Amino acid sequence: MRARDADSQARAGVVVQKRERADDPEGPVRAGFTATKKIGNAVIRNRAKRRLREAARLLLPLHGRPGSDYVFIARARTVSRPWPALLDDMESALISLARRKGGPASGPAHARRHRPDKDETAHG
RNA sequence: UCAGGCGGCCGGGCGGCCGCUCCUGCAAGCGGAGAAAUCCCGCAGGAGAGGAAAGUCCGGGCUCCACGAAGGCAAGGCGCCGGGGAAAUCCCGGCGGGCCGGUUUAUCCGGUUCAGGGACAGCGCCGCAGAAAUCAGACCGCCGGGACUGCGCAAGCGCCCCGGCAAGGGUGAAACGGUGGGGUAAGAGCCCACCGCCCCGACCGCAAGGAAGGGGGCACGGCAAGCCCCGCCUGGAGCAAGGCCGAAUAGGGAUGCAACGUCCGUCCGCGGACAGGCGCGCCUUUGCGUUUCGCAUCCGGGUAGGCCGCACGAGGCGGCGCGCAAGCGCCGUCCCAGAUGAAUGGUCGCCACGCCGCUUUGCGCGGCGGACAGAACCCGGCUUACAGGCCGCCUGACGCU
């Protein structure tokens with residue numbers, strides 16, 4: 001919910017939101033996945049989230065900024081989009097977000113990746 | 001071979017690479033997170049969505065709460081018979097009614113469908129149309145008689161009155177049974193034959209019920225899914241149930257001090273009676289339970305923080321036996337998803353299947369497509385959705401013998 005007002009980048013296959021945690025600038029990259037009822041029934045929504053989760057597993061270690069929370073929102077075309085195109089969408093969005101604040105990306109995120117997370121107060 | 005109907009079954013297969021959850025075994029450290037409870041971190045092996053997992057419409061298991069007795073009331077549900085089943089408004093088989101079809105027209109056969117107890121307990125309703133809609137009725141009509149200072153040569157016609165009829169017309173979902181014949185002024189179960197209907201009913205069946213035969217000219221309409229009557233059944237909430245472990249705050253209990261709705265007794269601890277509030281579906285009788293104000297100390301409970309519940313079950317598969325079937329019994333064998341930020345996947349090939357195009361017609365090459373849909377405590381049903389395919393039975397058409 002806090003990521004809602006943060007920076008966001010939209011591509012054909014995915015919408016990515018990013019928020020840096022001020023109190024934990026070198027912490028792990030965290031990610032959450034969501035799909036609204038607008039894109040389909042439970043089977044479609046699950047498939048969309050699985051594809052996004054797999055794509056994030058491949059790309060976040062390369063382009064994610066440490067100490068940041070990401071939210072990946074599935075779109076209507078997430079399920080039908082060819083796999084390489086979906087990867088391109090997410091990679092492009094991640095790079096744009098990394099460049100927007102704090103200069104060029106400071107290399108690959110080194111910290112261990114958390115389980116896909118959404119609730120930032122989990123360790124509160 | 002094709003088409004249609006009904007029933008049953010399946011719901012693509014194999015393999016790379018990279019991941020997720022759980023289980024088992026081994027390993028592990030003065031390891032990490034947290035106040036704690038508790039959780040996490042390595043390696044190996046194994047397992048991992050459905051026929052509907054769906055809708056959440058019924059029935060249970062399980063869990064907690066409630067539940068003194070008697071009588072009455074209210075509310076809801078169910079409703080042919082037998083069997084199955086833990087149970088159900090479920091399943092199987094039968095009976096009866098309606099509808100459809102068939103022929104060898106009979107106590108026949110097949111299919112389909114029905115919330116299928118009661119319409120002599122009572123009330124109510126039956127719109128429109130129609131003359132009349134339930135103690136029913138006479139518009140047109142048919143027949144007989146009479147009057148006429150109407151017409152006509154006449155037979156007769158017209159009009160009015162009295163009486164008879166319920167066959168024909170017309171209305172309707174339904175009009176005091178249908179067809180044919182006799183009969184009559186015209187008619188009518190008025191009489192007769194056949195069909196239908198009602199009553200009794202040998203005998204058959206566990207039963208619902210069936211029924212030979214006999215009797216009766218024949219009336220007794222429908223709706224109970226309008227109220228109702230009869231019979232039977234019925235507490236509530238749900239795994240966010242519920243249990244355990246555990247911070248803070250508020251609230252709770254015990255002890256001490258102050259204080260006690262009224263009255264009585266008192267060994268001053270308290271006990272008894274009455275009154276009121278609350279609870280037991282409602283009411284009555286009766287009977288219970290509980291309760292009647294502030295400060296300090298201790299205790300306990302408790303919060304979506306965690307763990308258990310949480311997967312061996314009305315269980316799956318195979319065989320044999322019983323039964324028309326639903327299903328049941330015995331034996332053998334197997335352990336078969338457990339997420340919760342919600343795992344069971346992502347991606348790439350090959351094969352099979354369907355369609356389209358090219359086609360030197362070799363099933364060779366290329367392209368596209370694969371439904372409905374995701375366990376959430378667990379079972380049994382019902383209902384709804386569904387690409388494609390397989391099997392069985394029935395019906396029809398064509399071909400062959």
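Basis for what follows: all heavy atoms, side chains included, without hydrogens, waters or symmetry-related copies. Bear in mind the structure is a predicted one, so any value in this text is a computation, not a measurement. Letters A, B, ... mirror the listed sequences (proteins, then strands); counts begin at 1.
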Across all strands shown, which nucleotide pairs with [N] by Watson-Crick or G-U wobble geometry, both distances under 3.5 Å?
N       : value
G251(B) : none
G226(B) : C123(B)
C157(B) : G150(B)
U266(B) : none
A397(B) : U1(B)
U284(B) : A70(B)
C20(B)  : G48(B)
A208(B) : none

Notebook entry, point to check: Atom CD of Gln9(A) and atom CZ of Arg99(A): how far apart are they, to the nearest 0.5 Å?
Noted result: 10.0 Å
Item checked: Straight-line distance of Arg65(A) CZ to Leu97(A) CG, nearest 0.5 Å ->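 Here the rounded value is 10.5 Å.
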Provide, to the nearest angstrom, the distance between the [atom1] atom belonging to [X] and the [atom2] atom belonging to [N].
X        : N       : atom1 : atom2 : value
Ile44(A) : A373(B) : CD1   : P     : 9 Å
Leu60(A) : G19(B)  : CG    : P     : 16 Å
Trp83(A) : G349(B) : CH2   : P     : 15 Å
Arg45(A) : A373(B) : CZ    : P     : 12 Å
Leu58(A) : C20(B)  : CG    : C1'   : 14 Å

Is there any protein nitrogen or oxygen under 3.5 Å from a nitrogen or oxygen in nucleotides 343-345 of chain B, and what are the pairs?
| unit_1 | atom_1 | unit_2 | atom_2 | d |
| --- | --- | --- | --- | --- |
| U344(B) | OP2 | Arg50(A) | NE | 2.8 |
| U344(B) | OP2 | Arg50(A) | NH2 | 3.3 |

Check: Does a side-chain N-to-carboxylate-O contact under 4.0 Å join Glu54(A) and Arg51(A)?
Finding: no
Write down the distance separating the [atom1] atoms in [N] and [M], rounded off to the nearest Å.
N       : M       : atom1 : answer
G354(B) : C382(B) : C1'   : 35 Å
C108(B) : A212(B) : P     : 10 Å
C307(B) : C239(B) : C1'   : 15 Å
G77(B)  : C58(B)  : C1'   : 12 Å
C198(B) : G209(B) : P     : 15 Å
C232(B) : A53(B)  : C1'   : 38 Å
G12(B)  : G369(B) : C1'   : 14 Å
A304(B) : U340(B) : C1'   : 12 Å

Note to self: When you measure from the side chain of Thr34(A) to the backbone of Ile73(A), do you find a donor-acceptor pair of N or O atoms at a distance under 3.5 Å?
What the structure shows: no
Check: Do any N or O atoms from the side chain of Asn41(A) and from the backbone of Ile44(A) form a donor-acceptor pair under 3.5 angstrom?
Finding: yes
Next item on the list: Answer yes if Phe33(A) and Val43(A) sit in the same cluster of Ile, Leu, Val, Met, Phe, Trp and Tyr residues linked by side chain heavy atoms under 4.5 Å apart, and no otherwise.
Entry: no
Does [N] adopt a syn or an anti glycosidic conformation, taking syn as a chi angle within 90° of 0?
N       : value
A273(B) : anti
C336(B) : syn
G94(B)  : anti
G169(B) : anti
G345(B) : anti

Next item on the list: Check the side chains of Arg11(A) and Ser96(A) for a donor-acceptor pair under 3.5 angstrom, ignoring hydrogens and angles.
Entry: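 On atom types as modelled, these side chains qualify, holding a pair under 3.5 Å.
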Next item on the list: Identify the heavy atoms of Arg47(A) and Val79(A) that sit nearest to each other, and give their distance.
Entry: CD-CG1, 3.6 Å
Notebook entry, point to check: Which heavy atom in Ala55(A) sits nearest to a heavy atom in Leu87(A), and how many Å separate them?
Noted result: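 So the two residues come closest at CB-CD2, 3.8 Å.
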Next item on the list: For Asn41(A) and for Pro84(A), locate the closest nucleotide of RNA chain B by heavy-atom distance; then report the residue assigned to the nucleotide nearer the 5' terminus.
Entry: Pro84(A)
